[in-house]
Amino acid sequence: MTDFIYSSWGALVITLLMQIPFLIIFFSVVNKKAFVDNVAADTPAEKYTSTRYLWIAVVLISFFVINFASVKYMPTFVEANAELSNVKDVDISATSWKFDMSERSFKVGDTVRFLAKSEDTMHSFALYHPDGGLLFTMMLMPGLETASALVHTFDKPGVYMVRCLEYCGVNHHGMRSVITVAEK
Amino acid sequence: MSVANTLIQKAPFFGRMFQMEESDLNPINSWPALMAMTSFVWLTIAAVLGLSMPAIQLFDLGSHWYYQNITLHGAAMAFPFAFQLMVAMSLHRAGACLGKRADGILVALTYILMNVGALLLTVAVLMGFHVTYTVMFPLPVVGVMTGQWSMSALVIGFTGIAFVLLSMILTYPIKILRMSFFEKKHDELQLAERSLKDPGMIGMIMGVLVLLITGLPLLATASPILLHLYGIIPAEWIAWAVKPVVFEFIFYIFAHNLMEAMAIMIVGAVYATLPLCTADGSRRLYSDKIANLALWILLVTSITSFFHHFFTMYPALPSTFAYHGNIMSFATAIGGALTIFTILATIWKHGLVATPAVFLILGGFVMYILDGVTAIVISNVAWNFKLHGTVWAGGHAMSVLIAISMIWMGMLYYHYPLMTNRTINDSTARKCIKYFFLSFIGLFYTFLVAGAAGMPRRNAAWEGDWLIYGAMLGVFGTILIYSFFLYFSSLRNSKALDF
Ligand code: HEM
Ligand SMILES: [Cu+2]
């Protein structure tokens, strides 16, 4: 369940869950007060206050829940919980417009730590699932000592596209590569 | 006749929107009208460029054109359109509410720096300087070294950007601050008196302070680089400024807060105008205190939420800053939630007079909130790794600018009779609003769905489903352009007020 919520499609669903109630409430209030009875309301002051507290409570609680539940998917957490003895380090060097990788073939179940650096301008190392969805993107800022790093465990065999998602000049779209993952 | 009025008189097509007689109110009307008119010229050019982008991809016209047009489209929409329109309307508001002249050297300089700067940048982009409106430092320099564009394109482009920055960071904020606190008051110009304690005024002052304060470090970093490019100072003197991590952080502290400043300013403007459109004529918000609280929350939390631009650098961006940015981004939405409450409670308590101005302002506000949801979602560290660099992010940047501009366009409807002694064409305005909102929703959700599907932003080679999303952007973009045309018509076909 949370795996879906913290995917990109989950982001869209949560976005809609926040937007749709807002749209309904906003348009019904405007419609009522602009067309149906556009006069001052005699709602007692306490009613406004209680509605306000309720509304802010709903917002605070949902923000807390959304962010708290996401901790599991943050890179620090993923890294801390990977069995580090089994992690394969893969070094990546990005230059306009190609990726040099120390290894490009893996097996299902492999846990890999991608360590990526840029040699010239801003790039990213973005990994796409064989089904077309984006697994993650890492921004690579040139001139840093520390490589950008992310741990990922491959769960499906196939051809994974690698793309640069930070605009890097006239052949930015050509900055692509592939990783292959074989059955166990 | 004043320079500004003459320029309006002479402008083909657009001039007719802002024709005005010489009057005692020229000091608050002329320059704002000229700026609004000029911003619409940029909007027209940039909208055609926007529509050209799906066309370039669908008909395979070449990546060169895509990167050229996305740079021109983004830059023109953000600066000489959206920002300039905001400058126009806020100068007019400050003038009429405080009784201060909205003309003079700082206003003229703002106008010249913004528009000449944008023109220079346009020339550079046409010379091949395809860096997008976020510059992507150190790309401008790397591009010269790798032969993607010439050194002269870089120098002209940076000069243009410097002009635009000077107007946004110095001349405009200083002018608003001077009007608010120092300049001489003219009673005959004060048409709608407001004190500086008014939420509408506080929002404006906060906005320009943010621009000034977060912009100064950028000016301090960019100026030596420019001086070096002109051959005035040696390379060793700028080594610190051209480090990508230095420039990028200083750039985003400004760029992020530029958007926040525009948002705070617009919330202030809504707070100021909505009460004037209530049915019971009370001219009051539900609560000034809560309105001000929302502005303060927005101000304080937005400043450090800029870290969300760098989450995916992990671990080069220490996690503590990432979590801070994550939490502050959601905290801005608490300010947003209080704003929603204040707006709805005001409408509920006092009723609403349904004019086109109100609908455009409220429509823009709805867009602003819808967009805000996508902004906080992508500001969660976990989701950011899945959405950063996709058109979700690009769509958010575009949508917040459209929302803000729509509110200012509504404010212009509201101010229009005061500015020109004419009233807008009501039926065209109502039609415009329908198409505007419809096309916004279409563009907005297309970007979101495409972003969730992993479609990269700023990528000149759409493939598979991305082409379908692109075609939809073309369709909704055409409707949006039609709504802009209706907007212009509603001003061009305005009627003289009879007394
Ligand atoms: C008139 C119809 C419009 C169309 C068809 C259109 C289309 C597009 C497209 C296709 C992109 C590029 C997406 C990508 O590859 O990343 C884009 C980006 C953008 N648009 Fe628009 N747009 C329109 C109107 C507007 C308006 C009214 C504004 C602002 C007020 C705006 C501001 C932006 C910005 C800031 C970007 C980001 C540029 C970048 O990422 O470098 N657009 N638009
Ligand atoms: Cu790249």
Side-chain angles (χ1 to χ4, degrees), chain A residues 6-9 11-12 14-15 18-19 22-23 25-26 29-30 33-35 38-41 43 48 52 55-56 59-60 63 66-67 70 73-76 96 120-122 124 126 128 132-134 136-139 141-144 146 148-150 163 165-173, chain B residues 63-64 67 130 132 136 138-139 142-143 146 148 243-245 248 279-280 286 310 312-316 319 326 330 333-334 337 341 344-345 347-354 362 366 369-370 373-374 377 380-383 385-390 448-449 451-454 456 458-461:
Chain A
Y6 292 100
S7 72
S8 58
W9 291 110
L12 184 63
I14 297 292
T15 300
M18 293 197 247
Q19 288 170 334
F22 162 74
L23 276 176
I25 295 173
F26 199 92
V29 171
V30 169
K33 302 307 288 188
F35 302 113
N38 71 340
V39 289
T43 314
Y48 289 97
R52 187 173 84 228
W55 164 234
I56 295 300
V59 170
L60 281 174
F63 284 4
I66 287 173
N67 286 298
S70 77
Y73 299 91
M74 293 187 178
T76 25
S96 304
D120 45 22
T121 185
M122 296 276 276
S124 98
Y128 279 77
L134 172 61
F136 60 78
T137 177
M138 294 152 72
M139 182 194 281
M141 196 180 275
L144 295 177
T146 325
S148 298
L150 222 55
R163 289 194 176 87
L165 297 190
E166 297 292 336
Y167 177 70
C168 56
V170 299
N171 193 26
H172 163 60
H173 53 285
Chain B
S63 57
H64 168 85
Y67 295 138
H130 302 169
T132 81
M136 302 304 295
L139 179 61
V142 172
T146 49
Q148 299 179 58
K243 278 207 164 105
V245 64
E248 280 287 332
D280 66 357
Y286 158 70
F310 300 108
T312 57
M313 281 171 70
Y314 174 83
S319 295
N326 184 151
F330 274 75
I334 308 287
F341 181 82
L344 283 181
I347 296 174
W348 188 268
K349 195 168 170 187
H350 301 296
L352 202 61
V353 183
L362 289 180
V366 168
I369 298 298
L370 293 181
V373 175
T374 69
V377 163
N380 168 280
V381 175
W383 275 320
F385 279 90
K386 313 228 169 243
L387 297 171
H388 195 97
T390 71
L448 291 189
V449 173
R458 299 173 177 161
N459 184 306

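Throughout, protein chains are lettered first and strands after them, A, B, ... in sequence-line order, and every chain is numbered starting at 1. Excluded from the calculations below are hydrogen atoms, water molecules and symmetry mates; all remaining heavy atoms, backbone and side chain alike, are included.
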Options A/Leu134, A/Val30, A/Val170, A/Asn171, ranked by heavy-atom pairs under 4.5 Å with chain B, top entry: A/Val170

Leading residue by heavy atom contact count with chain A [cutoff under 4.5 Å; candidates B/Thr146, B/Thr132, B/Leu370]: B/Leu370

Side-chain heavy atoms of A/Thr76 within contact of B/Tyr314, under 4.5 Å: yes

Heavy-atom pair with the smallest gap, counting every atom of A/His172 and B/Arg458: CD2-O, 3.0 Å

ring-ring contact (aromatic ring centres under 6.0 Å, His included) involving A/Tyr128 - partner list, sequence neighbours excluded: none

Main-chain N/O of B/Ala337 paired with A/Trp55 side-chain donor or acceptor, under 3.5 Å: yes

Straight-line distance of B/Trp383 CH2 to A/Tyr73 OH, nearest 0.5 Å: 11.0 Å

Donor-acceptor contact present, side-chain A/Lys33 to main-chain B/Trp348, <3.5 Å: yes

Heavy-atom pair count under 4.5 Å with chain B, highest-scoring of A/Thr137, A/Ile14, A/Thr146, A/Val29: A/Thr137

Contacting region of A/Met138 [heavy-atom separation from chain B under 4.5 Å]: both

Atom pair CD1 (B/Ile334) and CZ (A/Phe63), whose distance is rounded to the nearest 0.5 Å: 5.5 Å

Contacting region of B/Val142 [heavy-atom separation from chain A under 4.5 Å]: side chain

Nearest heavy atoms of A/Trp9 and B/Val449, plus distance in Å: CH2-O, 3.7 Å

Interatomic distance, A/Leu12 atom CG to B/Leu448 atom CG [nearest 0.5 angstrom]: 6.0 Å

Pick from B/Ala460, B/Ala354, B/Ala333, B/Ser319 with the largest number of heavy-atom pairs that fall under 4.5 Å of chain A: B/Ala460

Residues B/Phe341, A/Ile56; criterion side-chain contact (heavy atoms from CB on, under 4.5 Å); working and verdict: CA-CA 9 Å; B/Phe341 181 82; A/Ile56 295 300; 6.0 Å; no

Euclidean distance, B/Asn459 CG relative to A/Arg163 CZ, rounded to 0.5 Å: 7.0 Å

Which atom of B/Thr312 lies closest to which atom of A/Ser148, heavy atoms considered: O-OG, 4.4 Å

Interatomic distance, B/Gln148 atom CD to A/Ser96 atom OG [nearest 0.5 angstrom]: 6.5 Å

Distance-minimising heavy-atom pair for A/Leu144 and B/Met313: CD1-CE, 3.6 Å

Any A/Arg52 side-chain heavy atom under 4.5 Å of B/Tyr286 side chain: yes

Partners meeting side chain to side chain donor-acceptor pair (under 3.5 Å) with A/Asn38 (sequence neighbours left out): none

Minimum heavy-atom distance between A/Ser8 and B/Leu387, given as atom pair plus value: CB-CD2, 3.8 Å

When B/His350, B/Glu248, B/Lys349, B/Lys243 are compared by non-hydrogen pairs under 4.5 Å with chain A, the top option: B/Lys349

Part of A/Ile66 within contact of chain B (heavy atom distance under 4.5 Å): both

Donor + acceptor pair across side chains of B/Tyr67, A/His173 (<3.5 Å): yes

Top contributor to chain B interface from A/Thr43, A/Asn67, A/Thr15, A/Leu60 [non-hydrogen pairs under 4.5 Å]: A/Asn67

Pick from A/Val39, A/Val59, A/Asp120 with the largest number of heavy-atom pairs that fall under 4.5 Å of chain B: A/Val39

Smallest separation among heavy atoms of B/Val377 and A/Met18, with atom names: CG2-CE, 3.9 Å

For chain B, the option from A/Gly143, A/Ser7, A/Gly133, A/Gly132 that forms the most heavy-atom pairs under 4.5 Å: A/Ser7

Any side-chain heavy-atom pair of B/Val373 and A/Phe22 under 4.5 Å: no

Distance in Å, A/Tyr6 OH paired with B/Asn380 CG, rounded so as to fall on 0.5 Å steps: 6.0 Å

